[in-house]
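These notes concern the structure reproduced below.
The chains referred to below are lettered A, B, ... by the order of the sequence lines, with proteins before strands, and numbering in each begins at 1. Side chains are part of it too, since the values below use all heavy atoms of this structure and drop only hydrogens, waters and symmetry mates.
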Amino acid sequence: MSLTLYNTRLRRKEVFQPLNPERVTMYVCGPTVYNFIHIGNARPAVVFDTLYRVLKTLYPEVVYARNITDIDDKIMKAAKDNNESIADVAERFTQAYLEDMVSLNTLSPDMTPKATENLEPMQSMIATLIERGHAYEAEGHVLFAVQSMPDYGKLSNRSLEDMLDGARVEVAPYKKYAGDFVLWKPSAEDEPGWDSPWGYGRPGWHLECSAMIKAHLGDRIDIHGGGRDLIFPHHENERAQSCCSQHGEGEFVQYWMHNGYLNIDGEKMSKSLGNFRTVRDLLGQYKGEVLRFALLSAQYRSELDFSRELLAQAKASLDSLYTSLKEVDGVVAEAPQNLSDAPFYQALLDDLNTPIAIAELHQLAKALNKAADEEKPRLKGLLLKAGELMGFLQESPEQWFKQGVGEQGISAEEVEALIAERVQAKKDRNFARADEIRESLKAQGVVLEDSREGTSWRRE
RNA sequence: GGCGCGGUGGCAGAGUGGUUAUGCAGCGGACUGCAACUCCGUGUACGCCGGUUCGAUUCCGACCCGCGCCUCCA
């Protein structure tokens with residue numbers, strides 16, 4: 001079976017056929033670095049990281065780019081509010097973002113282009129658009145003329161008329177047409193900017209992605225991903241800029257992919273509504289892998305309600321998977337020779353059906369629990385591989401169960417000492433003392449488990 | 001107003017024109033000094049009303065409800 005992906009532009013699933021099977025290209029919209037990211041922002045990072053892992057099993061070279069937007073009015077505002085330079089704000093939150101990405105077990109993209117390092121390609125794209133009659137200058141601005149593009153609106157499936165009907169912003173007076181959007185805007189003396197043929201200024205938001213894709217990946221790429229809220233206007237406008245400035249004909253992006261929202265109490269999580277939880281904050285209470293598991297517990301196009309219960313269930317599921325692995329700690333895993341028949345792989349190939357793939361993880365774990373010794377290396381290898389494709393199960397069970405989150409509480413040495421005391425108590429048939437120790441540890445978040453091999457422990 | 005998404009058992013969440021995943025929680029049992037873990041067993045749910053059909057949660061139509069986008073947003 002081959003990879004199928006849901007293409008937003010066509011509103012249906014398609015078999016994925018790369019432009020060049022030797023080199024697959026994927027671009028995902030990264031953060032604007034003016035704040036810590038919230039867990040909703042983490043969803044595309046985790047989803048497309050999973051896709052990246054799957055693509056790597058299919059193609060010899062996958063080039064994954066995820067940008068950093070480090071020039072933007074919101075960053076300028078944050079810098080002003082904190083009395084800090086724009087570069088410092090951007091640098092600080094870029095680092096925080098990269099740390100959060102590591103916590104969520106995402107692989108590093110092959111490139112992380114920054115807007116401020118790509119002004120030249122942006123300006124050259126503007127020049128081309130003006131030359132070709134798709135853009136015009138007005139009062140220090142350069143605007144894209146949406147009416148110059150016959151199929152503008154095709155990605156988001158809307159007509160110009162319909163869009164303007166519901167418009168809720170005032171139309172700037174210098175626009176020839178209300179739907180035109182900014183490619184370049186003037187900066188005041190004390191604002192950041194760059195010299196350009198159209199005066200001192202800075203790029204419009206949509207431009208950087210178009211320009212960086214062209215500069216680093218080429219005129220045409222295979223996959224472009226991001227959150228659903230980027231479909232319009234961001235990706236529609238990117239498509240307009242890129243299609244109208246590229247060499248030759250054809251779609252600039254072959255497969256547009258958009259993840260659904262993360263909700264809080266049924267409402268979209270967003271910075272403007274203020275109902276968000278930052279990844280940073282959540283990492284104080286949950287391991288990154290738990291957050292990742294929660295994010296992948298629904299198919300990426302569905303909405304997902306983010307709650308304490310969701311995280312508790314994610315944690316419980318991972319505990320159970322790691323328990324299976326713990327039981328075969330001494331078994332050497334046998335790497336699967338061929339994934340193509342594995343149900344978890346089939347599920348991932350079907351537009352990243354992670355809930356099914358997770359169900360298969362549980363099936364593998366259950367099979368492993370019951371397996372005869374000679375079957376264990378193969379099953380363990382499959383389970384680890386399935387986990388790896390989704391970014392799970394890469395810690396040792398020991399680490400998973402004994403490393404706490406945030407406040408460490410009782411030390412491992414103290415736990416071991418109490419276990420030793422309890423073993424003696426049990427030997428003396430002093431069960432009252434044995435139970436007392438277990439209860440006391442339980443109250444401190446440590447669970448003891450007796451077996452023939454002895455007593456093991458884990459943090460809850 | 002335009003465009004779009006969704007409503008599945010206590011919760012989360014797939015899927016399918018008929019044998020109705022999976023996990024968590026619950027219940028019964030095995031194991032255990034007692035537990036925990038694990039294992040075995042256990043749950044006839046698909047918003048409402050019509051239609052098509054031998055048969056619909058799945059297809060079609062209407063309706064109700066929720067959510068989103070229409071130039072800040074992942």
Can you identify which nucleotide, out of [options], has its nearest atom closest to the [X] side chain?
| X | options | answer |
| --- | --- | --- |
| A:Phe431 | B:A21, B:A74, B:G33 | B:G33 |
| A:Arg422 | B:U22, B:A74, B:C34 | B:C34 |
| A:Glu449 | B:C39, B:A36, B:C69 | B:A36 |
| A:Thr323 | B:C40, B:C67, B:C37 | B:C37 |

May I ask you to verify whether the side chain of [X] and the base of [N] hold a donor-acceptor pair under 3.5 Å?
| X | N | value |
| --- | --- | --- |
| A:Asp229 | B:G68 | no |
| A:Gln313 | B:G23 | yes |
| A:Ser272 | B:C72 | yes |
| A:Arg438 | B:C34 | yes |
| A:Asp450 | B:C37 | no |
| A:Lys326 | B:C37 | no |

Is any NZ, NE, NH1 or NH2 atom of the basic residue among [X] and [Y] found under 4.0 Å from an Asp or Glu carboxylate oxygen of the other?
| X | Y | answer |
| --- | --- | --- |
| A:Arg158 | A:Glu236 | no |
| A:Lys376 | A:Asp373 | yes |
| A:Lys74 | A:Asp81 | no |

Identified salt bridge (Lys or Arg N to Asp or Glu O under 4.0 Å) partner of A:Lys442 from the options A:Glu449, A:Glu436, A:Glu460: A:Glu460
Same-atom distance ([atom1]) from [N] to [M], integer angstrom:
| N | M | atom1 | result |
| --- | --- | --- | --- |
| B:G50 | B:G13 | C1' | 30 Å |
| B:U52 | B:A62 | C1' | 15 Å |
| B:C37 | B:G55 | C1' | 45 Å |
| B:C31 | B:G17 | C1' | 44 Å |
| B:G4 | B:G61 | P | 14 Å |

Output field: ring centroids A:His258/A:His235 closer than 6.0 Å: yes
Short side-chain N/O contact from A:Thr455 to OP1 or OP2 of B:A35, under 4.0 Å: no
Whole-Å gap separating P (B:G68) and CE (A:Met163): 21 Å
